S.K.: 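Below is a structure I'd like to ask you about.
In this text, all values refer to a predicted model and were calculated from it rather than measured experimentally.
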Amino acid sequence: MNKYLLLSILPLLSIVMIACDDDEDVQPMDLNLFAATWEVVDQGNQKIFGREDILGITSAQIHESYGAYQGYITTYALTVDAALRHDRVFSWCIREVENHQPLLDVVFQGELDSDDPWAGNYPYKIIKLTDTYMWWQVNTNGDNSIIKFIRRTDLRIE
């Protein structure tokens with residue numbers, strides 16, 4: 001008797017399990033949090049943004065219908081007297097979202113045909129973005145390292 005009861009309940013359980021879709025519970029990231037002052041606390045395996053680099057990120061929404069954004073990233077280094085020393089400038093844009101994760105393209109704004117080690121285009125995926133923390137995953141075939149940032153509200157970038 002227990003076998004028949006179990007066999008009759010199994011199809012019902014499988015329908016219930018299939019009907020639960022975790023993707024419906026995932027909320028899109030608030031990309032308005034992206035524009036801020038961030039400090040690199042873990043650079044992963046990449047060498048573009050170093051540990052303790054300060055990023056001043058500006059943002060503008062360019063397509064309100066589907067939420068595309070673009071802006072600039074200015075990197076700074078903290079000096080021993082806690083002043084910010086300007087370092088490099090990058091442009092960035094987000095035009096696509098893959099699995100609820102915005103795809104971020106970062107481009108160095110220096111001489112692109114030079115021997116400068118920073119020259120080039122750097123694709124990332126924003127996998128976490130909160131009021132306090134942000135994580136970027138390197139979005140290339142060979143490297144999936146994660147860069148971790150913390151928001152810095154105590155620094156004034158002018």
S.K.: Check whether L55 and I157 end up in the same hydrophobic cluster, where Ile, Leu, Val, Met, Phe, Trp and Tyr are linked by side-chain heavy atoms less than 4.5 Å apart.
M.R.: no
S.K.: Grouping I, L, V, M, F, W and Y whenever their side-chain heavy atoms are under 4.5 Å apart, do V106 and L33 come out in a common cluster?
M.R.: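 Yes, it is one cluster - the side chains of V106 and L33 are joined through contacts under 4.5 Å.
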S.K.: Taking the six-membered ring for Trp and the full ring for Phe, Tyr or His, determine whether the centres of F49 and F90 are under 6.0 Å apart.
M.R.: yes
S.K.: Going by side-chain contact (heavy atoms from CB on, under 4.5 Å), name the residues that satisfy it together with N45, two or more places apart in sequence or in a different chain.
M.R.: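 Applying side-chain contact (heavy atoms from CB on, under 4.5 Å) to N45 gives D143, S145.
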S.K.: Going only through I, L, V, M, F, W and Y residues with side-chain contacts under 4.5 Å, is there a path from I57 to L155?
M.R.: no
S.K.: Check the hydrophobic clustering (I, L, V, M, F, W, Y; side-chain heavy atoms under 4.5 Å; chains of links allowed) and say if I147 and I94 are grouped together.
M.R.: yes
S.K.: Under the side chain to side chain contact (heavy atoms under 4.5 Å, CB included) test against P102, which residue among R95, E96, K125, M29 passes?
M.R.: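 Option passing the side chain to side chain contact (heavy atoms under 4.5 Å, CB included) with P102: M29.
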S.K.: Taking ring-ring contact (aromatic ring centres under 6.0 Å, His included) as the criterion, tell me which of F108, F34, Y72, Y122 meets it with W92.
M.R.: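 Looking at F108, F34, Y72, Y122, the match for W92 under the ring-ring contact (aromatic ring centres under 6.0 Å, His included) is F34.
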S.K.: Taking only residues two or more places apart in sequence, or in another chain, which ones meet D30 in a side chain to side chain donor-acceptor pair (under 3.5 Å)?
M.R.: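 N32.
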S.K.: Over all heavy atoms of both residues, which pair between Q109 and S91 is shortest? Give the atoms and the distance, please.
M.R.: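 Scanning both residues, the minimum pair turns out to be NE2-OG, 2.8 Å.
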S.K.: Working to the nearest 0.5 Å, report the span between CG of D87 and CG of D53.
M.R.: 6.5 Å
S.K.: With side chain to side chain contact (heavy atoms under 4.5 Å, CB included) as the criterion, how do L84 and L78 come out once you've worked through the C-alpha distance, each side chain's angles and the decisive distance to 0.1 Å?
M.R.: CA-CA 5 Å; L84 291 173; L78 274 174; 3.5 Å; yes
S.K.: Is there a path of hydrophobic side-chain contacts, each under 4.5 Å between heavy atoms of I/L/V/M/F/W/Y residues, joining W38 to Y76?
M.R.: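 No.
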S.K.: Q46 side chain to Q43 main-chain N or O, any donor-acceptor pair under 3.5 Å?
M.R.: yes
S.K.: Can you list every salt bridge (charged side-chain N to carboxylate O under 4.0 Å, His left out) pair that touches residues 75-86, not counting sequence neighbours?
M.R.: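 Checked against salt bridge (charged side-chain N to carboxylate O under 4.0 Å, His left out) - neighbours excluded - no pair reaches residues 75-86.
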S.K.: Only counting residues at least two apart or in another chain, list the ones meeting side chain to side chain donor-acceptor pair (under 3.5 Å) with K148.
M.R.: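 By the side chain to side chain donor-acceptor pair (under 3.5 Å) rule, K148 matches no residue at all.
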S.K.: In sequence, state the C-alpha distance, the side-chain angles, and the governing distance for Q101 and I126, and then conclude on side chain to side chain contact (heavy atoms under 4.5 Å, CB included).
M.R.: CA-CA 6 Å; Q101 296 174 331; I126 302 173; 6.0 Å; no
S.K.: Test your reading of the model: is there a side-chain donor-acceptor pair from T75 to the backbone of R88, 3.5 Å cut-off?
M.R.: yes
S.K.: Does the side chain to side chain contact (heavy atoms under 4.5 Å, CB included) test come out yes or no for L103 and V97, once each step is laid out?
M.R.: CA-CA 6 Å; L103 300 179; V97 175; over 6 Å; no
S.K.: Are any non-hydrogen side-chain atoms of I48 and Y124 less than 4.5 angstrom apart?
M.R.: yes
S.K.: Quick one, T37 and R151 - any side-chain contact, counting heavy atoms below 4.5 Å?
M.R.: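 Heavy-atom side-chain distance check fails, nothing below 4.5 Å.
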S.K.: CD1 of I73 to OG1 of T58: how many Å apart, nearest 0.5 Å?
M.R.: 8.5 Å
S.K.: Name all pairs fulfilling the ring-ring contact (aromatic ring centres under 6.0 Å, His included) condition that reach into residues 139-158, sequence neighbours left out, sorted by first residue then second.
M.R.: W136-F149
S.K.: Would you mind listing every salt bridge (charged side-chain N to carboxylate O under 4.0 Å, His left out) that reaches into residues 33-42, with sequence neighbours excluded?
M.R.: E39-R152
S.K.: Hey, could you give me the CD/CG distance between E98 and N139, rounded to the nearest 0.5 Å?
M.R.: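 Separation between the atoms: 6.5 Å.
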